[in-house]
2 protein chains.
Amino acid sequence: MGRKRTKSGKIRLAEVAELAGVSPITASRFFRNPEALSVAKRTRVESAAKELGYVPNLAARALASQRTEVIGVLIPSLTNNVFSDVLRGIYDASEGSRYSIQLSNTRYSILQEEKLLRLFLAQKPAGLIVTGIDQTAESRAMLEAADCPIIQIMEIGPHPVDMMIGFSHYDAARAAVAHLFAQGHRKIGFVGARMDPRVQRRLDGYVSAMKDAALFEQRLVVTTATPTSVTLGGALFVDLLAREPEIDAVFCANDDLALGVLFECRRRDITVPEQIAIVGFNDLEFMASAVPTLTSVRTNRYEMGRTAATMLIEAIEGRRPEQPVLDLGFKVIERQSSSSRHADSRPAAAGAGAGAVNKMVALPSTHD
Amino acid sequence: MGRKRTKSGKIRLAEVAELAGVSPITASRFFRNPEALSVAKRTRVESAAKELGYVPNLAARALASQRTEVIGVLIPSLTNNVFSDVLRGIYDASEGSRYSIQLSNTRYSILQEEKLLRLFLAQKPAGLIVTGIDQTAESRAMLEAADCPIIQIMEIGPHPVDMMIGFSHYDAARAAVAHLFAQGHRKIGFVGARMDPRVQRRLDGYVSAMKDAALFEQRLVVTTATPTSVTLGGALFVDLLAREPEIDAVFCANDDLALGVLFECRRRDITVPEQIAIVGFNDLEFMASAVPTLTSVRTNRYEMGRTAATMLIEAIEGRRPEQPVLDLGFKVIERQSSSSRHADSRPAAAGAGAGAVNKMVALPSTHD
DNA sequence: GTCGCTGCTGGTAGCGCTGTCAACGTTCCT
DNA sequence: AGGAACGTTGACAGCGCTACCAGCAGCGAC
C-alpha cells in the first residue's frame with residue numbers, strides 16, 4: 001500500500017500496527033481489550049501508538065461496531081441551578097471514561113423530549129440519562145425498546161424503565177411541612193413557580209400534609225407556570241399575603257423563591273422567623289449565608305448526577321448494579337428562618353433509602 | 001443485493017433512494033444540498049424519507065465526508081452561573097441547526113484545555129468555541145493550524161485566533177470604580193475569588209482606576225484562589241474590614257460575593273449604602289431583588305453564547321461575518337447599594353463597541 | 001451543424017475501523 | 001502420544017455514507 005497517511009494527515013490504526021509489527025486487527029484489539037494481547041505485543045502497540053500520537057477515529061469505530069460511545073442526556077432546563085449541579089456530576093463521572101456526553105434541553109416539554117429521544121436513539125447511544133418519570137407513552141415505549149441502559153434521574157417512582165436515581169419530592173415536601181408544624185406553625189402558605197412535575201409533587205406533598213392536619217386551604221397555595229426567579233418569589237409572596245394576611249410560614253418550592261420571600265419580608269419589615277417562617281427547597285449554597293439563615297430541604301444533586309453516570313457506565317459495560325433503583329433521600333436543614341417559636345433543636349427529619357420507594361408505592365395517587 | 005435493511009433494522013439511505021426511484025447518491029444530495037436536485041426528484045426523495053422515517057447515520061456521514069457536524073465547546077466551569085447563561089445561548093443557537101454541541105470542562109486549567117483541544121481537534125469538529133484569550137502556546141498553535149472556524153468568547157483582546165466575542169473586563173471594572181468615585185466614595189475595597197484571567201483583569205482595571213485617582217493601596221485588595229460563593233463573599237469582606245475598617249465601598253468581582261458582603265453587612269449592622277456601598281459584577285437576576293437592591297455591571301452572557309454559536313455556524317457554512325471581533329460591551333446598573341451619597345442619577349456608564357478593543361490595545365500591559 | 005456549456009444524475013471507490021471466523025501454537029489432560 | 005482446550009493472532013468483508021468524476025440531455029453561440 002502506497003499511502004502512509006490518511007488524506008488529512010492523520011495517523012491511522014494501520015500505521016500504528018505497521019510500526020508495532022502486528023496486524024491492524026491486533027492493534028485494534030489493544031484499544032478495546034488490551035488483556036487479550038500478549039504482554040509483548042501489548043507494549044509494542046502501546047509505544048507505537050504513543051510515538052505516532054495516534055488518536056482513534058470515532059466515526060469509523062462507530063460505523064464498524066454499530067454503536068457509539070455517547071451517553072445521551074435529556075434535561076428540561078439549562079438555566080436552573082439544580083440541573084447545573086446534576087450536570088457537573090454527570091460530566092465529572094464521564095471524564096476519564098471513554099464515553100462522551102451529548103446533552104439536549106427539553107425545555108420542560110415532554111413532546112420535545114419525545115422528539116429528542118427519537119433523534120438520540122437513532123444514533124445508537126451507549127446509554128441514556130433522562131429526567132423524571134413523566135414521559136409520553138410513545139417515549140416510554142421507545143425507552144423500553146431501546147437496546148441500551150437507561151437511567152431516570154431527579155426522582156423515583158414505582159415503574160422504572162430500567163435504572164432510576166433520585167428521591168421522593170412528595171416525601172421531602174411532607175417533611176418540610178412537618179418541620180414547620182413542629183415549630184408551631186399552622187397557617188403555612190405554599191409558593192411555587194414553573195410547576196413542572198417535580199414541583200407539582202412537592203405541592204402534592206404539602207397538600208397532603210396540610211390535609212392530614214386539617215389545615216389545608218386552597219387560598220394558601222400560590223403558584224404560577226412562569227419560570228422561577230428571586231423576584232418572582234417576592235411577587236408570589238405578595239399575592240399570598242393579599243389572600244391570607246394571617247399566614248405564619250411559607251414553604252417555597254425552591255430556594256430562589258425563598259430568597260425572594262425573604263427580601264420581600266425585609267422590604268415590608270416583616271420579621272423572619274418571628275412573624276413569618278420561611279423554608280426553601282434544594283439547599284443552594286446561599287441559604288446558609290442569608291440573614292437570617294434560611295431553612296431548606298437538602299437534595300444531593302451533584303451526587304445524583306455523578307452516581308447516575310457511574311451506574312450507567314457500569315451497566316453499559318455489562319456490570320449491572322444490584323440495586324437499580326437508588327433513593328438518595330433528602331434532609332431538612334433547619335436554620336434560623338424557621339426555628340424561633342420553639343428553641344427545640346432536635347435532629348432534622350431525613351428521607352430514607354429504599355423505604356421512601358415503598359412509601360411512594362403506598363401512595364399511588366401522587367405518581368401517575 | 002439481498003438485504004433490505006441494516007442488521008439493526010434501521011432504514012438506510014439506499015432504501016429511501018429505492019423507494020424514491022433514484023440512485024443513492026441523489027438521495028444523499030437531497031440531504032446535503034436540496035437545491036441541486038430537480039423539483040420532481042426532490043419531492044420524491046422527501047416523501048420517501050418521510051414515509052420510511054429515515055434518520056441519517058452520522059457516523060457513516062462523518063467517516064465518508066471526513067468531517068463532523070459537531071461544535072466543540074471548552075468552558076472552564078459548569079458550576080458558575082455565568083457559564084450556564086452562556087451555554088444556554090449556545091444550545092439555543094445550535095438547536096434547529098444541523099450541528100450538535102460537544103461540551104468539555106477545562107476546570108480553569110489551561111493545561112487541561114490543551115489536552116481537550118487535542119482530543120477535539122482529532123475528531124475534526126465543524127467549529128470550536130473556546131473560553132478566553134489565555135491559551136498555552138501549544139494550544140494557540142493548534143488553534144491556528146485547525147482547519148475549522150474558531151471563536152473565542154467571554155472577553156476580547158488584541159490577537160484573535162479567528163473570531164472573538166466578549167467585552168473588556170478591564171474597562172468594565174474601571175467603569176464600576178468610576179461609578180463609585182462619582183458617588184463620592186474613596187476608600188474602595190476589592191473582593192475577588194477564583195482569580196481566573198478574567199477576574200484578574202477586573203482587578204487590573206480596579207487597580208488602574210484607583211491608581212489614576214491616587215487612591216490605590218494594596219491592603220484594599222482581598223482575593224483568594226478558592227472558588228466563589230456567597231459565604232466566601234462574607235468571609236473575604238470580614239478580612240477586608242479587618243485590614244481597613246475605614247472602607248466606604250466594596251467592588252466585588254462577581255454577584256455572589258456581593259450578596260455575601262450584603263449579608264455580612266446586615267449581620268454586623270453596617271448600613272448599605274450609607275456606611276458602605278456595594279457593587280457586584282454580572283448583574284445576576286437576584287441583584288435587582290435584594291434589599292437594598294444591588295448595583296452591578298451587566299454583561300450580556302446569554303447573548304454572547306447565542307451570538308458566538310450563530311457566528312460560528314455562519315462561518316462553518318462559508319459566510320464569514322464582516323466583523324469577526326465583536327465587543328458586546330457592559331453597563332453599570334446603578335441601584336440602591338451604591339447611590340445614597342449623591343442623589344445624582346445620570347445615565348450609567350456603558351462599554352463601547354469596537355472602541356473598547358482599541359482601548360485594550362492601548363493598554364497592552366493587561367493582555368499578554 | 002458542431003462545439004462547449006450548464007444542470008442534473010449516476011457509478012465507482014473508498015473513509016478507518018471492527019465483527020466474525022479460522023488458524024496457529026502451546027499447554028494440559030487422559 | 002493423541003487430542004481437547006485455551007490463548008493469541010490474522011484475513012476478510014463490510015458498516016452507511018459521500019467525494020470524485022463521468023455521462024447525458026438540452027441549450028445557445030459561432
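Below, chains carry the letters A, B, ... as their sequence lines are ordered, and counting in each starts from 1.
Nucleic acid contact class of B/F31 (heavy atoms, under 4.0 Å, all strands): none. Nucleic acid contact class of B/Y54 (heavy atoms, under 4.0 Å, all strands): sugar-phosphate only.
The distance between atom CD of B/E35 and atom P of C/dG7, rounded to the nearest whole Å, is 13 Å. Rounded to whole Å, the distance from CD on A/Q66 to C1' on C/dT20 is 14 Å. Distance CG (A/L37) to C1' (C/dG25): 16 Å, rounded to an integer number of Å. Summarising the geometry, the separation between NZ on B/K124 and C1' on D/dA19 is reported as 15 Å, rounded to the nearest angstrom. To the nearest angstrom, P of C/dC15 lies 14 Å from CG of A/L13. Following rounding to the nearest Å, B/I25 (CD1) and C/dT12 (P) show an atom-to-atom distance of 13 Å. One interatomic measurement links the two molecules: CG of B/N33 to P of D/dC17, which rounds to 18 Å at whole-angstrom precision. Atom pair B/N57:CG and C/dC17:P shows a separation of 17 Å (rounding to whole Å applied).
Residue A/S23 places no side-chain N or O under 4.0 Å from the OP1 or OP2 atom of D/dT9. Listed pair B/T26 / C/dG10 meets the phosphate criterion, a side-chain N or O lying under 4.0 Å from OP1 or OP2. A sub-4.0 Å separation between OP1 or OP2 of D/dT9 and a side-chain N or O of A/R44 is absent. The side chain of A/R42 places no N or O atom within less than 4.0 Å of a non-bridging phosphate oxygen (OP1 or OP2) of D/dT8. Under 4.0 angstrom from either OP1 or OP2 of C/dG19 there lies at least one side-chain N or O belonging to A/R32. Within the 4.0 Å cut-off from OP1 or OP2 of D/dT9, at least one side-chain nitrogen or oxygen of A/S38 is found.
Along DNA chain D, the nucleotide closest to B/R29 and the one closest to B/A60 are compared, and the more 5′ of them pairs with B/A60. Position along DNA chain C of the nearest nucleotide to B/G21 versus B/S65 favours B/G21 as the more 5'-ward residue. Both A/R67 and A/L63 lie near DNA chain C, and the one whose nearest nucleotide falls closer to the 5' end is A/L63.
Separation of atoms CD1 (A/I75) and CD1 (A/I129) is listed at 10.5 Å; rounding is to 0.5 Å.
Salt bridge A/R107/A/E113: absent, no basic N to carboxylate O contact under 4.0 Å. The pair A/D134-A/R140 does not meet the salt-bridge criterion, since no charged nitrogen lies less than 4.0 angstrom from a carboxylate oxygen. Salt-bridge annotation for B/R12 and B/E15: present, with a side-chain N of the basic residue lying under 4.0 Å from a carboxylate O of the acidic one.
The aromatic rings of A/Y54 and A/F31 lie tilted to each other, with the angle between the two planes from 30° to 60°.
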